[in-house]
Each structure stands twice: as C-alpha cells, then as structure tokens.
Asks: 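Sending over a structure as structure tokens; questions will come in a sec.
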Amino acid sequence: MKKIVSSFLVTMFLGAVAFAAEPVKPTTAASPVQATATTAPAAAATQAAATQAPAAAKSAAAPAKIKTNKAITLTMFGLIIAITLGVVVWAARKTKTAADFYTAGGGISGMQNGWAITGDVVSAASFLGMSGLISLYGIDGFLYSTGPILGFVTILLLMAEPLRNAGKYTMGDILCFRASEKPVRAAAAISTVAVSTFYLLAQMVGAGKLMQLLLDIPYKASVIGVGTLLIIYVVFGGMKATTWVQIIKAVLLLSAAILISLLVALKAGLNPLRLFSDVVTNQNIQDHVRMNVLKDPLPVAGFDYGKRFLQPGLFLKNPLDQISLGLAWVLGAAGLPHIMMRFFTVPNAKEARKSIKISVFLMGTFFILTTLLGFGAAIHISPQKIAAMDKGGNMATLLLAQYLGGGEGTIGGDMFLAFVCAVAFATILAVVSGLVLAASAAIAHDIYVNIIRGGKAEQKEQVMVARITSLVVGAAAIIMGLAAEKENIVALVALAFAVAASGNFPVIILSLFWKRFNTAGIVSGIVVGTVTAIGLVLVSPNMTYPKKIAADAKKIVDTMEKKQAGGAVLSEKDQASLQKARGDYEKNKNGTSLMGLDKPLFPLKNPGIISVPLGFLAAVLGCLAFRDRRAEEMFDEIYVRQNTGIGIAKAVDH
Amino acid sequence: MAENQHDWAAIAKNPKFVELHRRKTSFLYGLWAFSAGSYFLLLLGAGYTPSVFSIEVLGNINIGYLFALAQFVITFFIAIYYGRVADRDFDRLTKELVDQLQ
C-alpha cells in the first residue's frame, strides 16, 4: 500500500516539476501578452496623437508587482516544508488505528488543540484579506472580522462539549446515534463533502494565485505543489501530522502579526490615538476615499474624507446582506465538518472547552491586530499602491512587512517579506490539510466502513481505506483547483458557510437537544438546508451576469461617444477604455449566467437569512411527519452522555 | 458494550442530573443570546444608524470602532466566565453524579 502511495506521489512530484519547468516560457510569454493587449490601443493612440506620455503608458502597461527576493523566500518555504515533513515522518510511525488517523487517538491536549483550531480556521483569506480590506475600506474591514470569532461563541457554549462526548470521528457519528444509520450517514457525508469541497476549492485557487503573485510560480505548478504536500501530510500523518502543521502555522501567524503590529505601533509612538489621527490626516487615504471609493471628482466642501474612512458603509453596503452573512458566521462555524472534527482529538469535554477558550483568545488577538496591520498599510504604503497590486487588497500585509523591514531591495525588507510569504504558505497548507481530512473521513468512515461494510472492517483495513480516500480526495482537489483557475472563488467560501449554517447546524443542534428529533428530520433538514443555500447562491449576485457587464460597457461607450460627438478629442486612456468597452459589450450582450439568467433572481449575496430558517423548518416538519419512538426513547441516553461523558471514556482508551 | 450497563432513563431523572441540566441550560442559552444579540446590534447599527457609529469618543476613535472592539472583549469575557463556571459548578456536579453511579 505504502509503495503505491509513494510511487503515486513521486509521479505527482515529477509532474509538478515538469509543469513548473515547462510553463516558464508560456508565463513569461503570458505577461507580455497581457501587457501588449493593454498597451496595443495605447501604443496606437500614442503614434496617432502625440508622443508625449510614453512613460505613463509604460507604467500603466506593466502591472505593479511586489518584488520578492526569490532566494530568501524559497529558502524559507523550503524550511517550512522540511519541518512539516519531519513532523509527518514522526506522526506516520504513530498512526496505526482508525482512531489515530482521524483523531490522533484522542491524545491532543486542550492547549495544543486550541492552537490547532486557530491554525485550522484562520485562512490566507483572513490573514491577507482582512487586513487588506481594512487598508482599502477602513473600519468596514474590521466589522467584517468580528464574524468569525462570534461563531466560536456558539461552538464554545452549545457545541464543543456535547460533540466531544457524543461523537467519534465524523458528523455522521453524532447524527446517527439514535437515527437509522444508512440514510443519515449518507446525508451527512454528502453535506460534509459539499462544504469541504467548496471551502477547499476556494483555498486551492487562492493558493495558486498567491504563489503566482508572490513568486512567479505558474498557477498550475503551485496548485500541484500545494496539493502534493497536503496529500503527503494527510495520507501518511493523518490527524497527528495535520494537527502539528496547524499548530506550527498558528505560531508563525501570530508571531508575524504581533511583530508587524508592534512595529506599526512604534511608528505611531505607541499611542493608539495617534494611529487613528494619522489615518484621518493622511492625504493618500483622503484622496483614496474621495476618488476611488466615493467617486467624488471634486471634494465636497466641508466633508472630511479622512474621518469617512473610519465610518461604516464604504465596503459593506447592503445591511440586509450583512445580517444574512452574520447569521452564516454565527451558526456556520459550528457546522463546518473540519472544525467539528477537531473536538474529537481531545480526550474529554473539559479539554474540548479549554481548547475553544484558547483558540478564542488567539483568534481574537489576531483579528484585533488586523486593525494595526490594515491601518499601518494604509498609512505607510497608501491604499492606491495596495489596490494597484491587487484589487482585493491581499498584498497589504506583505507590502507593509517589506516596508517595515527596510523597504524594497534591502536585506531587512526582503527577509521580512519572505517571512510573511512563508507564513501565508504555511497557512494554506494547514487549512487545506484539515479540509481534506474531514472530507476523507466522511467518505471512508461514513460511506465505506459503515454503509458499505456495515461497520465490520478491521482496523488495518479502515486505516488503509482512510489513506486511499485521502489520496483520492487530495488528487481531486488538485484537479478541481486546476480546472477552477478562472472561477469566481469569493462565492465559494460564502457558500461553504451558508451550507454549514443551513444544512448542518440545525440538524446537529436538534439532534443534541430535541427529544423527538429523528431520521426523517435529519435527512430533510440536511437536504433542504443544503439545496436552498446552494440554489440561492447560484441565482445570487455572486455569479457573473454577462448582460450586466454588457450594460456597464454600453454606458462607457455611450458617454465616450457623446464626448466625441461634442467635438472633444479623447485622451489615450479614454480611447483605450472605449475600445475595451466596445469589445466587452459585443462579447457579453447575448450572454447569460451559469443558470441562464439575465440578472440575479435573489438580491443578496448571502443566502443565510432565508436558507437557515428553511433548514430548521424542514428539519422540524420532516421529524413531525414521521414519528420515531426509538429515537425518542434513546434521547435520555444521548442527553446524559453528552452532558456527563459517561460511557465515553472507555471508547477513547483503546 | 459497556454503555448498556447504564440505565439512561434513571440517570436522566437523577436529581443531580436534573440540577446540572437546569443550571447549564439557562446559563448557556443566556450567554449565547447575549453575545449573538450584541453582534446583530453591531450589524444593524453599522447598517442603519451609521451616524451614531461615526460619533467620535476618544480623539478620532468613534463608537463604531469601539463597538466592534467590544465584540472581542465580550467574547473574551464569555470564554473566561464560562470556563470558570463550568470548571467550578458543572464539572463538580458531573463528577458527583458519576461517583454516585459507581
């Protein structure tokens, strides 16, 4: 078995190397292609009109890029890979039973698990994205970051301890405790795989793009590289290796955040009031808010654009959408299978409680520090420069680190930037490993061992199946990641949280706390919650609507043509955008979205406000329609067990 | 199967368990409702009363920022408070119950 896996991995590695070697030409060729595409009209215009602004054309043509020192950065990446592979070798020797593989034998302490949860939850999107949002949209980015932590209050108070006491490896184990095993496990496995796939896909695509942006590694090679590493971690090291990769990542993440924040705070004289007044009085921030966010061509008299940066509403524009997203945050974290799985790794409920307590402090500290990262980047780098590198602001923390280390091209700047890149890399690895493990557990443990084999599988067979499944899931993640390069990944994370909150959360909470809850309720709750959440996202504004793009392009064409008709000579920039708008209009005027729609049917980006109540309703109605006496009689057992842990200790010891 | 030795219905009616359940339920749901309520108040405030959130309290630090920061403080407080109560009361009651059953 191990031989098959290792030979597969060797092929994958070779594949990655081949990929990395081969597309060097296409990518170096690709960026000039892009550049020529944008320069072509500009160049034509330059020849036709005047030769006065070649410099401007040039700077517009070459997209702004962060300059990393490849030798230093790759060394740091190598170091992280070496350390984590060392962990895998150590963990692989200790992974013998299914319990070892899925839950590290329940032998992780509360403290370790607290760090691991932090490593599991804070993704590259939170590490780079939240500070980026703050640097571009001010306080709205900070409001956004309060959501994830609130989800952990739900986990701490309602979920962690009962789940630890009632569960074994997967969500299916908890749900089928007093319900018919096969339909419930099947439904739980499908929703687990769905949630993990959405989340995983977002992470894989994000990883590919990040590596491309940071190190010029081709997208395909990054996805294959990250995928290969995660397969090695999960297949050989199981939960033990995954846990330690997550702990290492969390330590790196917090050290990076604390270090950068400290330097930002020192620049503001360790005075929080000064940090805020620096933001308000910063000319770049004022210009950015006025021109790029509010789009006032001329300043409105008496309006303080600096203060506006600290007021809500620049990014989060639809309050109803925010409440809908808030619902997904508060309930969804508790329904994410890869988070749930972490509670099964500790020996008892007390340790589960301790681990959430620790992770709440670690994550809270991190998210509070994102204010310093984001404001620091806005003050010292300027929102304009950050947005020029990446529209979503993902480069903010990286640019800030480079600046604080001494600036571009200095040893200090290079080192600090490389360190933060490496932290982002470790972050990606830690999150994807946890996701693959959760999806594999659902397939191997719920579907294969319990449904196909009826629970009668030897330990050896279970571990082998778990390993093969993780290999397949990891390979599938790579293939999907490669296929999804051009997809809109923003919707995927929203989707994962929405499905977790509407499909998983209602049935788990009702299973744990409602006496009459039964099989029919579980299946209908999961199915309706999941289908509604996915369905609403498919017809929401998250999707791409070609007719909307065409309409926007038409507007530009019309204004430009009106200008021309009025006798004005268009500047080069206007000529170029007119050309582009015409092309966009032609390309998109007859297109429809993935669902064949001209415009969104559902007005919100986040479906939670509709799909969560529907998930609950379907669960309750389904349950009331089919009464199950056995499930009611067994409620006492699950209720006593989840509250006291009686009957669990023995299951963990073996 | 070890768990079959327990008479779950009897444990569920045990006064110690009933007390544990009663204390836990009101405490946990109360704290949860408080935290979720404050969070949705933050979202509602940011969405519908931005002018209130824009009032400056300390230098340029406004109510909106402090309210968002308060979410973290509330979360920390809940984590500490719940940890204490659970370590002190719930764990003690559980242990007494388990000891009684053995």
Side-chain angles (χ1 to χ4, degrees), chain A residues 139-140 142-143 145-147 149-150 152-154 156-158 161 272-274 276-277 279-280 306-308 310-313 316 318-320 322-323 325-327 329-330 349-350 353-354 356-357 360-361 364-365 367-368 371 633-641 643-647 650-651, chain B residues 2-14 17 20-21 24-25 27-29 31-32 35-36 38-40 42-48 50-51 53-54 56 58-62 64-65 67-69 71-76 78-80 82-83 86-87 90-91 93-94 97-98 101:
Chain A
I139 192 179
D140 271 9
F142 187 53
L143 288 177
S145 76
T146 52
I149 201 88
L150 261 290
F152 274 80
V153 176
T154 309
L156 175 71
L157 296 177
L158 305 181
E161 295 172 54
L273 296 182
R274 208 182 110 197
F276 281 81
S277 68
V279 170
V280 170
K307 281 189 182 170
R308 186 67 189 84
L310 296 178
Q311 294 162 5
L316 310 172
N318 183 345
L320 208 58
Q322 291 328 304
I323 289 163
L325 175 66
L327 208 56
W329 281 131
V330 170
K350 199 177 161 75
R353 182 193 310 144
K354 194 171 152 197
I356 306 295
K357 223 167 84 179
V360 158
F361 277 97
T365 310
F367 285 126
I368 292 174
T371 324
E633 278 158 18
M634 282 185 75
F635 181 71
D636 280 343
E637 177 174 351
I638 194 171
Y639 200 72
V640 170
R641 284 175 79 136
N643 273 298
T644 60
I646 296 173
K650 290 187 185 74
Chain B
E3 56 257 40
N4 288 343
Q5 296 161 358
H6 298 288
D7 180 355
W8 300 104
I11 303 176
K13 289 194 191 73
N14 185 306
F17 184 79
L20 178 70
H21 163 70
K24 255 187 167 175
T25 314
F27 181 82
L28 296 180
Y29 285 102
L31 269 188
W32 185 78
S35 130
S38 74
Y39 176 58
F40 284 105
L42 173 78
L43 296 180
L44 286 169
Y48 295 106
S51 54
F53 273 32
S54 306
E56 290 181 341
L58 266 172
N60 291 110
I61 301 177
N62 57 33
Y65 183 82
F67 199 172
L69 196 63
Q71 296 301 316
F72 291 101
V73 178
I74 291 172
T75 307
F76 292 164
I78 287 177
I80 294 176
Y82 170 60
D87 287 346
F90 301 157
D91 283 358
L93 276 169
T94 311
L97 177 68
V98 173
L101 292 172

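Within every chain, numbering begins at 1; the chains are lettered A, B, ... in the order of the sequence lines, protein sequences first and strands thereafter. Computed over heavy atoms, backbone and side chain alike; hydrogens, waters and symmetry mates excluded.
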Asks: Under 4.0 Å between a side-chain nitrogen and a carboxylate oxygen: does that hold for B/Lys13 and A/Asp636?
Replies: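 Looking at B/Lys13 and A/Asp636, the cut-off is not met.
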Asks: Enter the distance from B/Tyr48:OH to A/Gln322:CD here, rounded to the nearest 0.5 Å.
Replies: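 It is 10.0 Å, given to the nearest 0.5 Å.
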Asks: Out of B/Ser35, B/Ala10, B/Gly59, B/Gly83, return the one with the most heavy atom pairs under 4.5 angstrom to chain A.
Replies: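 Highest number of pairs under 4.5 Å: B/Ser35.
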Asks: Counting only heavy atoms closer than 4.5 Å, note whether A/Leu327 contacts chain B via side chain, backbone, both or neither.
Replies: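 Its backbone and side chain both get close to chain B.
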Asks: Heavy-atom pairs under 4.5 Å with chain A - which of B/Gly64, B/Ala9, B/Gly45, B/Pro50 has more of them than the others?
Replies: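 Among the listed options, the one with the most contacts to chain A is B/Ala9.
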Asks: Using the rule given for side chain to side chain contact (heavy atoms under 4.5 Å, CB included), can you reason through A/Lys357 versus B/Tyr82, listing the C-alpha separation, both sets of side-chain angles and the distance that settles it, and then say yes or no?
Replies: CA-CA 9 Å; A/Lys357 223 167 84 179; B/Tyr82 170 60; over 6 Å; no
Asks: Does any heavy atom of chain B fall under 4.5 Å from the side chain of A/Glu161, the backbone, both, or neither of them?
Replies: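 Just its side chain gets close to chain B.
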Asks: At a 4.5 Å cut-off on heavy atoms, which part of A/Ile139 comes close to chain B: side chain, backbone, both, or neither?
Replies: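 Contact with chain B: side chain only.
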Asks: If we define contacts as heavy-atom pairs under 4.5 Å, which of B/Leu69, B/Val73, B/Val98 has the most with chain A?
Replies: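 Among the listed options, the one with the most contacts to chain A is B/Leu69.
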Asks: Quick one: what part of B/Leu97 sits under 4.5 Å from any heavy atom of chain A, side chain, backbone, both or neither?
Replies: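 Only the side chain of B/Leu97 comes within 4.5 Å of chain A.
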Asks: Report the option among B/Ile61, B/Ile78, B/Thr25 that has the most heavy-atom pairs separated by less than 4.5 Å from atoms of chain A.
Replies: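 So the answer, after comparing B/Ile61, B/Ile78, B/Thr25, is B/Ile61.
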Asks: Just give me the residue among A/Lys354, A/Met634, A/Arg308, A/Lys307 that pairs up with chain B most often, heavy atom to heavy atom, under 4.5 Å.
Replies: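 So the answer, after comparing A/Lys354, A/Met634, A/Arg308, A/Lys307, is A/Lys307.
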Asks: As an exercise, state the distance from CD of B/Gln71 to CG of A/Leu150, rounded to the nearest 0.5 Å.
Replies: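 That separation rounds to 5.5 Å.
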Asks: Please rank A/Ile368, A/Leu143, A/Leu320 by heavy-atom pairs under 4.5 Å with chain B and give me the top one.
Replies: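 Among A/Ile368, A/Leu143, A/Leu320, the one with the most close pairs to chain B is A/Ile368.
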Asks: Counting only non-hydrogen atoms closer than 4.5 Å, does B/Leu31 touch chain A with its backbone (N, CA, C, O), its side chain (CB onward), both, or neither?
Replies: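 Interface part for B/Leu31: both.
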Asks: About how many Å separate CD1 of B/Ile80 and CZ of A/Phe361, when rounded to the nearest 0.5 Å?
Replies: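 With rounding to 0.5 Å, CZ (A/Phe361) is 3.5 Å from CD1 (B/Ile80).
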Asks: Does the B/Asn62 side chain pair with the main chain of A/Leu310, one donor and one acceptor, at a distance under 3.5 Å?
Replies: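 Confirmed, B/Asn62 side chain pairs with A/Leu310 backbone.
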Asks: Answer whether the closest heavy-atom distance between the side chains of A/Ile149 and B/Phe72 falls below 4.5 Å.
Replies: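 Side-chain contact under 4.5 Å: yes.
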Asks: Highest number of heavy-atom pairs under 4.5 Å with chain A: which of B/Ser38, B/Ala36, B/Gly47?
Replies: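 Result: the option with the highest number of such pairs is B/Gly47.
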Asks: B/Tyr65 vs A/Phe276 aromatic rings, parallel, tilted or perpendicular, using cut-offs 30° and 60°?
Replies: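 Correct class here is perpendicular.
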Asks: Does any heavy atom of chain B fall under 4.5 Å from the side chain of A/Val330, the backbone, both, or neither of them?
Replies: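 A/Val330 touches chain B through side-chain heavy atoms alone.
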Asks: Measuring heavy-atom distances to chain A, does B/Leu58 have an atom under 4.5 Å in its side chain, in its backbone, in both, or in neither?
Replies: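 When you check distances to chain A, atoms from both the backbone and side chain of B/Leu58 fall under 4.5 Å.
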Asks: Under a 4.5 Å cutoff for heavy-atom pairs, which residue among A/Arg353, A/Lys350, A/Arg274 has the most contacts with chain B?
Replies: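 Among A/Arg353, A/Lys350, A/Arg274, the one with the most close pairs to chain B is A/Arg353.
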Asks: Tell me, for B/Asp87 versus chain A, whether the close heavy atoms (under 4.5 Å) come from the side chain, the backbone, both or neither.
Replies: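 For B/Asp87, backbone and side chain are both near chain A.
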Asks: Please report the shortest heavy-atom distance between B/Ala79 and A/Val360, naming the atom on each side.
Replies: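 So the two residues come closest at CB-CG1, 4.3 Å.
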Asks: What's the separation between atom CH2 in B/Trp32 and atom CG in A/Leu157, rounded to the nearest 0.5 Å?
Replies: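 Taking CH2 in B/Trp32 and CG in A/Leu157, the distance rounds to 9.5 Å.
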Asks: Quick one: does B/Tyr29's side chain get under 4.5 Å of A/Leu158's, heavy atoms only?
Replies: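 Yes, close enough: below the 4.5 Å cut-off.
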Asks: So, taking the atom named CG in B/Leu28 and the one named OG1 in A/Thr154, what distance separates them when rounded to the nearest 0.5 Å?
Replies: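 If we round to the nearest 0.5 Å, B/Leu28:CG and A/Thr154:OG1 are 11.5 Å apart.
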Asks: If you count heavy-atom pairs within less than 4.5 Å of chain B, which of A/Ile356, A/Leu325, A/Thr371 leads?
Replies: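 Option with the top pair count is A/Thr371.
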Asks: Counting heavy-atom pairs closer than 4.5 Å to chain A, which one of B/Phe53, B/Phe90, B/Phe17 comes out on top?
Replies: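 Highest number of heavy-atom pairs under 4.5 Å: B/Phe17.
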Asks: Answer with side chain, backbone, both or neither: which region of A/Val640 has an atom nearer than 4.5 Å to a non-hydrogen atom of chain B?
Replies: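 Both parts, heavy atoms under 4.5 Å.
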Asks: Is it the side chain or the backbone of A/Ile638 that comes within 4.5 Å of chain B heavy atoms, both, or neither?
Replies: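 Contact with chain B is absent: no heavy atom of A/Ile638 under 4.5 Å.
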Asks: Among A/Val280, A/Asn643, A/Thr644, single out the residue with the greatest number of heavy-atom pairs under 4.5 Å to chain B.
Replies: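 Of A/Val280, A/Asn643, A/Thr644, A/Asn643 has the most heavy-atom pairs under 4.5 Å with chain B.
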